[in-house]
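Numbering starts at 1 and runs along the sequence shown.
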Amino acid sequence: MLLKNSVTNESPIQLPKAIKNESEIGGMKSAHIRDAVALCEYLYWLENEVPKGTVDEISGATYLDKLRSKQADFVSLSFPTISSVGPNGAVIHYFPTEATKRQLNTDEIYLVDSGGQYLDGTTDVTRTVHFGTPTSFQKECFTRVLKGHIGLACVIFPDKTKGHQLDVLARQALWKVGLDYLHGTGHGVGSFLNVHEGPQSISSRATEDAPMQEGMIVSDEPGYYEDNSFGIRIESLVVTVKATTPNQYKNVQYLTFEPITLVPLMKKMIDTHLLTADEIEWVNAYHAQCREIIGKELEKQNKQDVLEWLKRETSPITV
């Protein structure tokens, strides 16, 4: 029940808070480097442990949480880790319990959506992997999700474009074969604040998003979920930056996205024949950035085994 003098308008603080300053953006990038070290270390560990049959959804999530907690300026998780195998991955916001937990194995897809709160920033990242041999349909679904992720990551758009105008870019490769996903494509993220922060978002809901502006940080997270079988999601955080264009119609500034999350995409999940030359170039450039930036931090932290894993996972792909 609203009081007589209640105000129901948006807070005037919301938009300025969403537009990050240089210090906040720098802090977010630094936090994501350390966070990527923890996630790369986890994926490397899983590659060795899953074939032994010793890891379940809960023990895996617990180990990842422990790895994050060892990174500098870690405060807490940004949300409970979504650690899901096979059919559990098809439940979009699944959280493992003792009653529902499944063993990680070499026959099913594993989806992990996780993040941390650090003194200099907030992270939220999802990677989807397979420790055996994915089916051709699983690879097709993953690749179509990846095409949507790349389409949104690369878009150049006029300043003040709303998120719902961009949403189709993440879905069109799925729509082409009659597939889709039933969640938003992107949400704002705070700087050592809420992992879901408005007013900006990217989804099909036209009434809920604010215009995109330079300095806003959003997630890029298309997915696909096959009921009772598997779930796929690729989520990275991106920051909105000025784009360089040969023209500037009506003196309008154009914007694009720059990746903040730097964690490799599992190459065995990609059907390169479904990618265009530009998309292959994007994957290789993204992986080169992961290798260069996260590789330096792995060297700094003396994690040589994980560094060798990173080099292998970020080697170039071809058709």
Side-chain angles (χ1 to χ4, degrees), residues 11-40 68 71-79 114-126 149-150 152-163 166 184-202 209-221 234-245 252-264 282 285-297 300:
S11 167
I13 298 172
Q14 191 175 26
L15 182 59
K17 185 174 70 169
I19 300 172
K20 305 297 187 285
N21 60 38
E22 290 185 9
S23 295
E24 290 171 318
I25 293 171
M28 289 287 279
K29 290 181 177 179
S30 295
H32 276 77
I33 291 172
R34 301 192 304 279
D35 195 74
V37 167
L39 189 51
C40 286
R68 271 199 172 93
Q71 290 299 314
D73 295 330
F74 174 85
V75 177
S76 68
L77 300 182
S78 52
F79 58 95
S114 63
Q117 292 282 15
Y118 300 85
L119 292 177
D120 48 357
T122 301
T123 71
D124 182 1
V125 50
T126 306
H149 181 87
I150 295 171
L152 186 57
C154 293
V155 64
I156 295 175
F157 56 93
D159 186 25
K160 305 298 192 339
T161 296
K162 288 195 169 186
L166 304 175
T185 299
H187 59 83
V189 179
S191 177
F192 191 34
L193 286 170
N194 295 328
V195 72
H196 281 220
E197 176 183 277
Q200 78 277 24
S201 67
I202 301 173
D209 54 348
M212 298 299 301
Q213 298 183 49
E214 182 184 6
M216 284 182 168
I217 292 174
V218 293
S219 63
D220 175 357
E221 52 177 306
I234 300 172
E235 177 186 16
S236 295
L237 300 191
V238 295
V239 59
T240 313
V241 297
K242 289 179 179 177
T244 301
T245 55
V252 173
Q253 176 64 54
Y254 279 69
L255 304 173
T256 190
F257 295 124
E258 176 184 300
I260 295 178
T261 303
L262 296 173
V263 177
W282 183 92
Y286 178 75
H287 277 165
Q289 194 175 6
C290 294
R291 187 167 59 250
E292 178 183 356
I293 295 174
I294 308 307
K296 288 181 180 178
E297 185 65 21
K300 178 181 175 182

Could you give the distance from [atom1] ([X]) to [atom2] ([Y]), rounded to the nearest 0.5 Å?
X      : Y      : atom1 : atom2 : value
Asp124 : His196 : CG    : NE2   : 5.5 Å
Asp120 : Lys29  : CG    : NZ    : 13.0 Å
Ile202 : Leu152 : CD1   : CG    : 4.5 Å
Asp73  : Leu119 : CG    : CG    : 4.5 Å
Gln253 : Asp159 : CD    : CG    : 7.0 Å
Gln213 : Thr240 : CD    : OG1   : 9.0 Å

Measuring only between side-chain heavy atoms, which start at C-beta, is [X] closer than 4.5 Å to [Y]?
X      : Y      : answer
Phe192 : Glu24  : no
Val189 : Glu197 : no
Gln71  : Asp35  : no
Val125 : Leu237 : no
Val239 : Lys20  : no

Under a 3.5 Å distance rule, please check whether [X] uses its side chain to pair with a backbone N or O of [Y] as donor and acceptor.
X      : Y      : value
Arg68  : Phe74  : no
Thr256 : Ala243 : no
His32  : Val263 : no
His287 : Pro264 : no

To check you understand the geometry: which heavy-atom pair defines the closest contact between Tyr286 and Pro259, and what is its length?
CE1-CB, 4.1 Å
One pair to check against side-chain contact (heavy atoms from CB on, under 4.5 Å): Val218 and Phe257. What are the steps and the verdict?
CA-CA 9 Å; Val218 293; Phe257 295 124; 4.0 Å; yes
Just checking, is any N or O donor in the side chain of Gln117 or Ser78 under 3.5 Å from an acceptor N or O on the other one?
no
If the condition is side-chain hydrogen bond (donor to acceptor under 3.5 Å, both in side chains), which residues does Lys17 pass it with, not counting sequence neighbours?
none
